Amino acid sequence: MKAATKKVVILGSGPAGLTAAIYTARADLEPLVIEGEPSSTSDQPGGQLMLTTEVENFPGFPGGVMGPQLMMSMREQAERFGAEIVTRKATRVDLSARPIAIWTGDPSAPEPDITTEALIISTGARSLMLGLENEARLLGYGVSTCATCDGFFFRDKKIVVVGGGDSALEEALFLTKFGDSVTIVHRRKELRASKIMQDRAFKSAKIDFVWDSVVTDVLGEEKVSGVVLRNVLTGEETTLAAEGLFVAIGHAPNTGLFDGQLEMDPAGYLKTTIGTATAVPGVFACGDVQDHVYRQAITAAGSGCMAAIDTERYLASIE
Ligand code: NAP
């Protein structure tokens with residue numbers, strides 16, 4: 001297929017990608033958004049917000065907004081200004097080529113499917129999950145990966161947090177503001193988290209620990225009612241009643257496509273220099289794919305706007 005060169009292609013359709021699409025479309029850059037393909041993880045069109053229920057902290061929605069609704073509105077807004085959105089997944093990119101080359105089909109095909117003068121990467125990050133069937137089924141119905149987003153819904157409830165790193169302890173400490181009790185389930189006896197976080201968690205009257213244990217099932221029909229735990233040393237199985245299960249076993253950025261082509265930090269997040277620019281001219285990164293600190297819809301949207309403006313200036317500079 002002969003590729004038609006675009007001015008800008010955006011990879012990913014979460015808040016960062018769609019905000020970049022709105023801005024570049026309004027700047028008459030006719031962006032093409034490669035939104036990804038449906039899947040049961042956050043590596044999917046619309047990103048992690050597609051897996052949440054109510055979003056109460058996105059400015060402009062005093063009554064809250066459902067995550068999927070927010071993404072549909074952003075999408076509609078981008079399309080209104082002429083952004084083209086395709087439901088495909090990039091399978092290979094060549095960032096050294098000029099124009100930049102993108103494959104969406106067979107990655108070994110000699111010719112790319114799409115070429116572009118500039119590329120905005122907003123492929124996001126995904127929360128690592130336990131991989132249990134009922135965990136996926138009850139995601140958004142008691143199972144969550146974000147205490148900042150969902151903690152409020154667990155007022156006076158019993159909450160379980162899985163993980164032993166800084167994220168798990170941070171989530172647990174945040175959740176003590178709402179929950180009746182917070183039980184941290186960790187697969188070993190020692191926490192991986194930093195000393196200061198450990199001290200805080202040990203001091204909290206609301207936090208208790210279940211050591212050497214893993215969650216093997218999530219109970220509940222419509223919403224979470226408990227978890228099944230297995231002690232990894234004894235093999236003993238127990239049931240723990242809980243209305244909330246927060247999975248905090250780490251995140252992984254969706255950056256495999258750029259291995260060997262873009263600079264990443266040790267955790268695999270893309271490195272940006274000035275604004276959203278990567279070290280490769282014409283390639284910009286925004287949202288969770290380059291931010292492991294804030295990870296909020298609003299910060300992702302903000303950096304999508306920055307990437308659009310950086311792209312516009314780059315394109316003007318090469319004209
Ligand atoms: P992490 O440090 O990789 O910790 C992940 C935790 O989840 C580990 O305790 C691990 O157990 C456990 N785990 C992994 N897979 C599991 C599974 N399948 N089942 C059960 N448990 C599992 O990840 P993180 O906590 O998200 O932190 C990532 C980075 O961000 C770290 O560098 C951290 O310091 C930083 N961070 C900092 C802060 C802060 O300073 N406030 C907050 C959040 C994150 P094992 O220990 O047995 O491997």
Side-chain angles (χ1 to χ4, degrees), residues 40-43 47-48 51-52 124-139 143-151 159-177 182-204 207-219 224 226-240 242 244-256 264-272 287-297 299-300:
S40 61
T41 71
S42 46
D43 173 18
Q48 298 180 62
L51 305 176
T52 56
R126 58 191 185 282
S127 296
L128 297 177
M129 302 300 289
L130 299 169
L132 305 169
E133 205 174 298
N134 286 327
E135 171 197 40
R137 184 176 60 79
L138 292 166
L139 194 60
V143 177
S144 172
T145 55
C146 176
T148 320
C149 324
D150 297 333
I159 303 169
V160 169
V161 174
V162 191
D166 278 326
S167 291
L169 268 50
E170 194 171 70
E171 300 274 276
L173 284 161
F174 183 79
L175 288 165
T176 58
K177 289 192 214 164
V182 180
T183 302
I184 297 177
V185 176
H186 183 38
R187 62 184 178 184
R188 293 187 294 139
K189 183 88 183 157
E190 292 86 37
L191 293 168
R192 180 178 293 279
S194 54
K195 173 89 172 53
I196 185 165
M197 296 297 280
Q198 295 198 26
D199 289 347
R200 281 185 201 156
F202 289 138
K203 265 194 211 140
S204 169
I207 296 180
D208 64 343
F209 291 84
V210 177
W211 303 109
D212 298 315
S213 297
V214 290
V215 173
T216 55
D217 202 0
V218 188
L219 306 172
V224 171
V227 292
V228 179
L229 304 179
R230 181 167 52 82
N231 184 301
V232 292
L233 302 180
T234 63
E236 189 194 350
E237 289 218 331
T238 49
T239 298
L240 185 63
L245 171 65
F246 284 77
V247 182
I249 59 172
H251 286 84
N254 301 317
T255 49
M264 299 175 195
D265 73 9
Y269 289 83
L270 296 183
K271 281 195 177 174
T272 48
D288 286 11
V289 76
Q290 54 87 54
D291 164 31
H292 57 88
V293 178
Y294 302 104
R295 295 198 300 234
Q296 301 299 302
T299 51

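Remember, predicted model here, so these are calculated numbers, not experimental data. Whatever order the structure lists them in is the order used to number ligands and atoms, beginning at 1.
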Need the ligand 1 atom indices (1-based, order shown) with element for anything under 4.0 Å from a heavy-atom of [X].
X: R188; value: 45 (P), 46 (O), 47 (O)
X: G250; value: 23 (O), 26 (O)
X: G164; value: 6 (C), 7 (O), 8 (C), 9 (O)
X: L130; value: 19 (N)

Legend entry - Evaluation steps, side chain to side chain contact (heavy atoms under 4.5 Å, CB included), between F246 and V182: CA-CA 10 Å; F246 284 77; V182 180; over 6 Å; no

Inset, instruction - May I ask whether E190 has any heavy atom positioned less than 4.0 angstrom from an atom of ligand 1? - result: no

Atom [atom1] in [X], atom [atom2] in [Y]: separation rounded to 0.5 Å?
X: M264; Y: K271; atom1: CE; atom2: NZ; value: 11.0 Å
X: K189; Y: S213; atom1: NZ; atom2: OG; value: 9.5 Å
X: L169; Y: I207; atom1: CG; atom2: CD1; value: 6.5 Å

If we count only non-hydrogen protein atoms and require a distance under 4.0 Å, does [atom] qualify as touching the protein?
atom: atom 21 (N) of ligand 1; value: yes
atom: atom 33 (C) of ligand 1; value: yes
atom: atom 16 (C) of ligand 1; value: yes
atom: atom 41 (N) of ligand 1; value: yes

For [atom], find the nearest protein heavy atom and state the residue, atom name and distance (0.1 Å precision).
atom: atom 36 (N) of ligand 1; result: D166 CB, 3.7 Å
atom: atom 39 (C) of ligand 1; result: E170 OE2, 3.9 Å
atom: atom 18 (N) of ligand 1; result: I249 CD1, 3.8 Å
atom: atom 3 (O) of ligand 1; result: R192 CD, 4.2 Å
atom: atom 14 (C) of ligand 1; result: R187 NH2, 3.6 Å
atom: atom 24 (P) of ligand 1; result: S167 OG, 3.2 Å

Inset, instruction - Under 4.0 Å, heavy atoms only, figure out whether ligand 1 is touched by the backbone of H292, its side chain, both or neither. - result: neither

Legend entry - Lys/Arg N to Asp/Glu carboxylate O, R295 vs D291, below 4.0 Å: no

Inset, instruction - Can you spot which of D217, L139, V143 makes a side chain to side chain contact (heavy atoms under 4.5 Å, CB included) with N134? - result: D217

Legend entry - L132 and its side chain to side chain contact (heavy atoms under 4.5 Å, CB included) partner, picked from V218, L245, V247: V218

Legend entry - Polar contact flag for G165 and ligand 1 (N/O pairs, less than 3.5 Å): yes

Legend entry - Check: E135 side chain, G131 main-chain N or O, donor-acceptor pair, under 3.5 Å: yes

Inset, instruction - Look at the side chain of S204 and the backbone N and O of A201, then say whether any donor-acceptor pair between them is shorter than 3.5 Å. - result: no

Inset, instruction - Could you label the plane-to-plane angle of the H186 and W211 rings as parallel, tilted or perpendicular, counting under 30° as parallel and over 60° as perpendicular? - result: perpendicular

Inset, instruction - With side chain to side chain contact (heavy atoms under 4.5 Å, CB included) as the test, would you mind laying out the steps for V228 and L219 before giving the verdict? - result: CA-CA 7 Å; V228 179; L219 306 172; 3.9 Å; yes

